[in-house]
Each structure stands twice: as structure tokens, then as C-alpha cells.
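One structure is given here, and the rest of the page talks about it.
We count ligands from 1, going down the list as the structure has it; atoms in each ligand are counted the same way. Residues take their numbers from the sequence shown, with the count starting at 1.
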Amino acid sequence: MLPFSQAAENNKGPLLEVLREYLTAPGTLLEIGSGTGQHAVWLAPRFPDVQWTPSEQPHYLDALLPRLASEPAANLRPAIGLSVEDDDAWPDGPFDYVLTVNTFHIMSRDQVMRCIDQACRRLATGGRFVVYGPFRYGGQPTTDSNRRFDESLRARDPAMGLRDQEWVTARFAEQGRALLGDHAMPANNRVLVFG
Ligand SMILES: C[S@@+](CC[C@H](N)C(=O)[O-])C[C@H]1O[C@@H](n2cnc3c(N)ncnc32)[C@H](O)[C@@H]1O
């Protein structure tokens, strides 16, 4: 039985609709924190002109690789081991697209900053960085369920927690990337697109 995420199963359809707006030209994509690989194997064939590189922290690669092997696609490249804080692990790029789903509340603030910094250095001019997940606005979770989720994350590990959309946007601005879109998703999630 392959590792499975119900959240990934639920959000892949809505995510596809937003990606269709932004992955409009052939190119290369780096996915950060691919998890079970459900997004990679389902989304990559829907963008056949985009060369899709999944990645995952080296110690979690064993959970990712079996699904990629079981559902190969012509444009799905071999997965790479990548922890965002490991400068030496980052691939050279450039990438036309970067995608990360439900990772910014799992990474520490410092790791999110490293992720944005390193990925933006490898993002082509005119490239797009797509971030899916729950965010706070004006310092507050948008719903009671997101507040409870935020509290549960911080109780599990004080370094985790929902990030402020404004703080994320400011970090991208430091790298010269503006907020192009902020899309509502089911279950109180958002898709933020920078470029
Ligand atoms: C909630 S899971 C989401 C996985 C997948 N993107 C999905 O939507 O099903 C969070 C992911 O963030 C990854 N992650 C956490 N910290 C990371 C780091 N420092 N560098 C790279 N990935 C990290 C985890 O390994 C995990 O795959």
C-alpha cells in the first residue's frame, strides 16, 4: 500500500484549475516537499509540456519514490532529495515554475525564508512560484478551524504554524517577486502565486 494523503486527493482538482491559469508555457517545474507524490503523478501528465521534478527531504524519499515508479509519465523527471535549508542540495535550475503544497506551515519561518530565497534565485525571469496552503491575514487565522489547526501545529512544534500572507508576500518582494494572485481554495486554503 502506497503512502496516501486524503488532503492531497481533495485539493488536487482545485489546484489544477489554478495551475491552468499560470502554467501556460512549456518549461521546467520544481516541486518542493512532494510528500506522497500524489500531486506529481496526477498533475504532471496534465501539463505535458512542463518537465516536472518532484523533491522531498532525503529521509522521506522512501515514501515518495514508490508512487513515482508506479505511475510514470513522460515529463516526470527523477525525484531529488531536497531539504530547503541545505544550500548544497538545491538543483541548479533555472526553473520556469516552482510549486509547493502544504509545506509553509510545516517548515519553520527560517526554512520558509530559505525556501523562498533559494527557489527565487533559480526561478527564471518571468517564472512563477505557486504556494498552496492555509495562511493568516492581518495576523489572524481566517476561520475557527484554521485557528485550531494553527494552535495544534504550534503545540506539536513551536517552529510550525500558519504563516502570515503579508509576511510571505514581503519575503518574496525582497527577492523581487510580486504577488500575482491570491486564490481561495476549499477547506479555507489559498493559492498564492508570485512572479
Ligand atoms: C503536509 S506535508 C505535504 C506534502 C505534499 N506536498 C502534499 O500536499 O501532500 C509537508 C511536506 O513538507 C515537507 N517539508 C517540511 N520541512 C521541509 C524542509 N525543511 N525542506 C523540504 N521539505 C520540507 C515535508 O517533508 C512534507 O513532505
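Scanning all protein heavy atoms for the shortest distance to atom 8 (O) of ligand 1 gives H39 CE1, 3.2 Å. Protein heavy atom in closest approach to atom 5 (C) of ligand 1: G33 O, 3.3 Å. Of all protein heavy atoms, the one closest to atom 12 (O) of ligand 1 is T103 CG2, 3.3 Å. Of the protein's non-hydrogen atoms, E85 OE1, 2.9 Å is the one closest to atom 19 (N) of ligand 1. Ranking the protein heavy atoms by distance from atom 9 (O) of ligand 1 puts A8 CB, 3.7 Å first. Closest to atom 23 (C) of ligand 1, if we only count protein heavy atoms, is Q57 NE2, 3.4 Å. Ranking the protein heavy atoms by distance from atom 27 (O) of ligand 1 puts E56 OE1, 2.6 Å first. Of all protein heavy atoms, the one closest to atom 2 (S) of ligand 1 is N102 O, 3.8 Å.
The residue from Y132, F135, Y22 that alone fulfils the ring-ring contact (aromatic ring centres under 6.0 Å, His included) condition with H183 is Y22.
In the vicinity of Q111, heavy-atom distances shorter than 4.0 Å reach the ligand 1 atoms 19 (N). Close contacts of ligand 1 with Y60, meaning ligand atoms under 4.0 Å from a residue heavy atom, involve 25 (O). Annotation for ligand 1: atoms under 4.0 Å from non-hydrogen atoms of S83 are 20 (N), 21 (C).
Checked against the 6.0 Å centroid threshold, F149 and H105 count as a close aromatic pair.
A cation-pi contact, defined as under 6.0 Å to the ring centre and within 45° of the axis, links R109 to W167.
Side chain of R122 to main chain of P91: a donor-acceptor pair is present (N/O by atom type, distance under 3.5 Å, no hydrogens or angles).
A salt bridge is absent between R148 and E151; no separation between the charged side-chain nitrogens and carboxylate oxygens falls under 4.0 Å. Ionic pairing of R114 and D87 is present here: one or more N-O contacts between side-chain nitrogen and carboxylate oxygen are shorter than 4.0 angstrom.
Judged by the shortest distance from any of its heavy atoms, I106 lies inside the 4.0 Å radius around the atoms of ligand 1.
Inclusion of V84 in the set of residues having an N or O under 3.5 Å from an N or O of ligand 1 is warranted.
Applying the 6.0 Å contact sphere to CZ of R156 captures no more than 12 heavy atoms from other residues, nucleotides or ligands.
Under the 4.5 Å side-chain criterion, counting only non-hydrogen atoms from C-beta, L153 is in contact with I106.
Contacts between L82 and ligand 1 below 4.0 angstrom, taking non-hydrogen atoms only, involve the backbone exclusively.
The two atoms that bring N188 and N146 nearest to each other are O-ND2, 3.1 Å, heavy atoms only.
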